[in-house]
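This report concerns only the one structure given below.
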Amino acid sequence: MPFDPNELRRVMGAFATGVTVITTRDQAGKPYGLTANAVTSLSLVPPLLVICVDRKAETFPHFFDSKIFVLNILAEDQAELSRRFATTGGDKFTGVRFRLGRLGTPILEGTLGHIECRIIETLEGGDHVIHVGEVEEAEARGGRPLVFFRGKYRQLTDEA
Ligand SMILES: Cc1cc2nc3c(=O)[nH]c(=O)nc-3n(C[C@H](O)[C@H](O)[C@H](O)COP(=O)(O)O)c2cc1C
């Protein structure tokens, strides 16, 4: 039986995730970012994270410029921010509150936390690449997460 790519979308859509905005910058310091949920922690010793970035994303080349990224974990009231960073084009940072991290990469305000990483390895992953980031700094803050499930933004109903 031929493989149906839509079925893969449907089944992975049932894998509920949090939502992040991954930010980076170019060598001149200009900020870039994209919404991502293909992210995971990889190792505690040493502390490593994995992010997967589409080769077609405008942000794609800038990870290679700086070799740095920040994973910003979105709160339940940040669906608009997620939509903004999931749309190619324009200046995504206009009107967005952020500060610069130790490595000069944007840390978004109002999130549940962030992790700043240096890219130590990049692997091929079909139409994406897989960046392995070594953690330089991590900060958790309180709040409730934005959730993505079956193609829609959701909120947790349980107490977080
Ligand atoms: C919930 C959600 C999760 C996403 N996860 C990823 C991801 O893990 N990696 C990726 O490259 N794109 C992901 N995308 C798509 C990008 O956010 C989208 O292609 C964006 O327009 C890229 O922006 P850019 O072209 O300005 O870099 C996701 C989109 C949404 C809405």
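As the structure is a prediction and not an experimental result, all values here were calculated from the model. Note that ligands are numbered from 1 as they come in the structure, with each ligand's atoms numbered from 1 the same way.
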**Asked** With backbone taken as N, CA, C and O and side chain as the heavy atoms from C-beta onward, which portion of Y32 lies under 4.0 Å from ligand 1: side chain, backbone, both, or neither?
**Response** neither
**Request:** Name the option, out of A57, C52, A38, that contains the heavy atom nearest to atom 10 (C) of ligand 1.
**Result:** C52
**Prompt:** In ligand 1, which numbered atoms sit nearer than 4.0 Å to a non-hydrogen atom of T87?
**Reply:** 21 (O)
**Heavy-atom proximity to atom 21 (O) of ligand 1, best of S82, G33, A86** = A86
**Request:** Report the distance from atom CD1 of I107 to atom CD of E116, rounding to the nearest 0.5 Å.
**Result:** 5.0 Å
**Prompt:** What protein heavy atom is closest to atom 11 (O) of ligand 1, reported as residue, atom name and distance in Å?
**Reply:** D54 N, 2.8 Å
**Request:** On the 0 to 90° scale, with breaks at 30° and 60°, tag the Y32-H62 ring pair as parallel, tilted or perpendicular.
**Result:** parallel
**F149 and Y153 aromatic centres sub-6.0 Å** = no
**Fill in**
atom 27 (O) of ligand 1 has as its nearest protein heavy atom T59 OG1, 2.4 Å
**Fill in**
So CZ of R84 and OG1 of T94: to nearest 0.5 Å the spacing works out to 6.5 Å
**Protein non-hydrogen atom found under 4.0 Å from atom 8 (O) of ligand 1** = yes
**Message:** Under 4.0 Å between a side-chain nitrogen and a carboxylate oxygen: does that hold for E7 and R9?
**Reply:** no
**Message:** Does the Lys NZ or Arg CZ of K67 fall within the cation-pi geometry relative to F64 - under 6.0 Å from the ring centre and within 45° of the axis?
**Reply:** no
**Message:** Any nitrogen or oxygen of T88 lying under 3.5 Å from a nitrogen or oxygen in ligand 1? Just yes or no.
**Reply:** yes
**Item:** Nearest protein heavy atom with distance in Å, relative to atom 3 (C) of ligand 1
**Value:** N37 OD1, 3.3 Å
**Message:** Tell me whether the count of non-hydrogen atoms from other residues, nucleotides or ligands lying under 6.0 Å of CG in L8 goes above 12.
**Reply:** yes
**Message:** To check your reading of the model: name the closest protein heavy atom to atom 31 (C) of ligand 1, its residue, and the distance in Å.
**Reply:** Y153 OH, 3.6 Å
**Asked** Does H128 offer a backbone N or O that forms a donor-acceptor pair with the side chain of D54 under 3.5 Å?
**Response** no
**Prompt:** Nearest heavy atom to atom 12 (N) of ligand 1: which of V53, T35, V39 does it belong to?
**Reply:** T35
**Item:** Whether F85 lies under 4.0 Å from ligand 1, heavy atom
**Value:** yes
**Asked** If only atom types and distance count, is the side chain of Q78 paired as donor or acceptor with the main-chain N or O of G110 below 3.5 Å?
**Response** yes
**Prompt:** How far is atom 26 (O) of ligand 1 from its nearest protein heavy atom, and which residue and atom is that?
**Reply:** K92 NZ, 2.7 Å
**Close-contact set for ligand 1 against F148 heavy atoms, below 4.0 Å** = 1 (C)
